[in-house]
Amino acid sequence: FPLRTSFSTPEPEGRGPSWGRIAPESRQCCKIPTMYLSHWKLKDLPFENTPDSRFFYSSEKHQEALSRLQYLVREKKACGVLSGVYGCGKTLVLHALKKTTEPEGYKFSVVTNPRLDDLGMLRLILRGFTQHEVPANKADVLMGLQQYIENVAQDGKHSVIVVDEA
């Protein structure tokens, strides 16, 4: 089914299109998701922009990756790395890890944009744990992280930092 678009500006030489609004004659496209849902008898839309662990397909390799990460978390190892090509399911494996280990008392801070300076990264980690505003001063952020991790440990739990470069 063809989707026609109109461009708000002309295409510059040697560059891709400048995406504008959908042309009025193509506004029927907004009905497409419900058409797919009813035709295929789906409850939710597949292939959304954000990973959804409900659609995690546990292939042999995905299950191995998840098992190894669960081992790292449960044995309180200092660091682990999950690598793979774009689109192979790393983020879904990380979501599955969080889903399977959080009920056991593990506390997660997930950073999805690690392209920051050291203070920015530390602030994101602390924000991920506390869900509150964090200090701007590096020393205060480090003290806040230390306090949070100690409090979690006193409760018999473990803090896990996940950096997902997706």
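What you are looking at is a predicted structure, and each value in this text was computed from that prediction instead of being measured.
- With sequence neighbours excluded, the residues that form a side chain to side chain donor-acceptor pair (under 3.5 Å) with Glu133 are Arg127.
- Scanning for side chain to side chain contact (heavy atoms under 4.5 Å, CB included) contacts around Ile161 gives Ile125, Phe129, Val163, with sequence neighbours left out.
- Asn113 meets the side chain to side chain donor-acceptor pair (under 3.5 Å) test with no other residue; sequence neighbours excluded.
- Expressed to the nearest 0.5 Å, how far CG of Leu126 lies from CG of Asp140 amounts to 10.5 Å.
- Here His62 pairs with Ser59 under the side chain to side chain donor-acceptor pair (under 3.5 Å) rule; sequence neighbours left out.
- There is a side-chain donor-acceptor pair under 3.5 Å between Thr91 and Asp164.
- Not counting sequence neighbours, the partners of Leu119 by the side chain to side chain contact (heavy atoms under 4.5 Å, CB included) test are Asp117, Arg123, Lys138, Val141.
- Defined by atom type and a distance below 3.5 Å, a donor-acceptor pair is present between the side-chain atoms of Thr100 and Gln70.
- In this structure, Arg68 places its CZ atom where only 12 or fewer heavy-atom neighbours from other residues, nucleotides or ligands lie under 6.0 Å away.
- Residues satisfying the side chain to side chain contact (heavy atoms under 4.5 Å, CB included) test with Ser58, not counting sequence neighbours, are Phe56, Gln63.
- In this structure the side chain of Tyr148 reaches within 4.5 angstrom of the side chain of Lys107, judged on heavy atoms.
- Within the model, atoms CD of Gln147 and CD1 of Ile149 stand 10.5 Å from one another, a figure rounded to the nearest 0.5 Å.
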Would you give me the side-chain donor-acceptor pairs under 3.5 Å for residues 75-86, sequence neighbours excluded?
none

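- Among residue pairs with one or both ends in residues 37-46, those qualifying as salt bridge (charged side-chain N to carboxylate O under 4.0 Å, His left out) are Asp44-Arg54; sequence neighbours excluded.
- The local environment of CD in Glu60 is sparse, with at most 12 non-hydrogen atoms from other residues, nucleotides or ligands closer than 6.0 Å.
- Salt-bridge check for Lys90 with Glu165: failed, with every basic side-chain N at 4.0 Å or more from each acidic carboxylate O.
- Applying the salt bridge (charged side-chain N to carboxylate O under 4.0 Å, His left out) test to residues at least two apart or on different chains, none of the pairs has a partner in residues 144-161.
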